[in-house]
Amino acid sequence: DAKTTQPPSMDCAEGRAANLPCNHSTISGNEYVYWYRQIHSQGPQYIIHGLKNNETNEMASLIITEDRKSSTLILPHATLRDTAVYYCIVFDKLIFGTGTRLQVFP
Amino acid sequence: SAVISQKPSRDICQRGTSLTIQCQVDSQVTMMFWYRQQPGQSLTLIATANQGSEATYESGFVIDKFPISRPNLTFSTLTVSNMSPEDSSIYLCSVPLSSPGLGWADTQYFGPGTRLTVL
């Protein structure tokens, strides 16, 4: 079973920041938080992952709470091409939950 | 990153037949994973395929229905046997690769998927 909870859908205006939350209250000390996204008809694409520190790369930022029970993926300037299903995964095996369908609108 | 290819990219098959899906990776990897994504659904892990050993299947998936081969470190096949319309899905393979700078954590890369339709 997936160890994460995400809202089923979110909307975001183009150019604005998209903040996608994820709850993982049962996470254990050595489990990483991963984020993937799946654009329609493509395989999942890795975005970012982290353990307890906040992380940033060219695609996004990952903010993990101090107790590690939740995290937020931030797309700083969403574009129409960021419309996808975003999956938050606590890595044991890569078990996908239902994800958040992000719709970016003009 | 890794380059992962799958064959076929799509197929339409008759009920009761079998289809073998190939996954090729451009680097040697110990573990490969097979997923299924039914229409409108999230991904479901079918099995983990380690080179040199039997595949490990997740709950609800059995070797007779989804036999897996792993003849070397860059290749794997998944067969969907005795197909029914309920097997219509996208089947994806994936491999974990080490992420430098983040300890032992692996980044998992996915193939483009095989879209299977069973009539």
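Quantities reported herein were computed from a predicted structural model and do not represent experimental measurements. Residue numbering restarts at 1 for every chain, and letters A, B, ... go by the order of the sequence lines.
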Treat each ILVMFWY residue as a node, draw an edge where side-chain heavy atoms are under 4.5 Å apart, and state whether [X] and [Y] are in one component.
X: A/Y86; Y: A/I27; value: yes
X: B/L19; Y: B/V118; value: yes
X: A/M10; Y: A/I63; value: no
X: B/I21; Y: B/L119; value: no

- Against chain A, label B/L92 side chain, backbone, both or neither, depending on which of its atoms sit under 4.5 Å from a heavy atom there.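 The answer is the side chain of B/L92.
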- Side chain, backbone, both or neither: which part of B/Q37 has an atom under 4.5 Å from a heavy atom of chain A? side chain
- Task: Run the numbers on B/Q41 and A/T98 for side-chain contact (heavy atoms from CB on, under 4.5 Å), then give the verdict.
- Result: CA-CA 7 Å; B/Q41 303 296 313; A/T98 53; over 6 Å; no
- Item | Atom pair CD1/CD of B/I90 and A/Q38 - distance to nearest 0.5 Å | 7.0 Å
With a cut-off of 3.5 Å and sequence neighbours excluded, list every side-chain donor-acceptor pair involving residues 64-76 of chain A.
{"unit_1": "A/T65", "atom_1": "OG1", "unit_2": "A/D67", "atom_2": "OD1", "d": "2.8"}
{"unit_1": "A/T65", "atom_1": "OG1", "unit_2": "A/R68", "atom_2": "N", "d": "3.4"}
{"unit_1": "A/T65", "atom_1": "OG1", "unit_2": "A/K69", "atom_2": "N", "d": "3.4"}
{"unit_1": "A/T65", "atom_1": "OG1", "unit_2": "A/S70", "atom_2": "N", "d": "3.4"}
{"unit_1": "A/T65", "atom_1": "OG1", "unit_2": "A/S70", "atom_2": "O", "d": "3.1"}
{"unit_1": "A/D67", "atom_1": "OD1", "unit_2": "A/K69", "atom_2": "N", "d": "3.0"}
{"unit_1": "A/R68", "atom_1": "NH1", "unit_2": "A/E31", "atom_2": "O", "d": "3.1"}
{"unit_1": "A/R68", "atom_1": "NH1", "unit_2": "A/L51", "atom_2": "O", "d": "2.4"}
{"unit_1": "A/R68", "atom_1": "NH2", "unit_2": "A/S28", "atom_2": "O", "d": "2.5"}
{"unit_1": "A/R68", "atom_1": "NH2", "unit_2": "A/G29", "atom_2": "O", "d": "3.4"}
{"unit_1": "A/R68", "atom_1": "NH2", "unit_2": "A/E31", "atom_2": "O", "d": "3.2"}
{"unit_1": "A/S71", "atom_1": "OG", "unit_2": "A/H24", "atom_2": "NE2", "d": "2.9"}

- Could you tell me if the ring centre of B/F110 sits under 6.0 Å from that of A/Y36?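 They qualify: ring centres under 6.0 Å apart.
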- Message: Tell me whether the count of non-hydrogen atoms from other residues, nucleotides or ligands lying under 6.0 Å of CD in B/Q38 goes above 12.
- Response: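 Atom CD in B/Q38 is crowded, with more than 12 foreign heavy atoms closer than 6.0 Å.
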- Give the ring-plane orientation class for A/F96 versus B/Y35, where under 30° counts as parallel, over 60° as perpendicular and anything between as tilted. perpendicular
- Any side-chain heavy-atom pair from A/V85 and B/S42 closer than 4.5 angstrom?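 Not touching, per the 4.5 Å side-chain cut-off.
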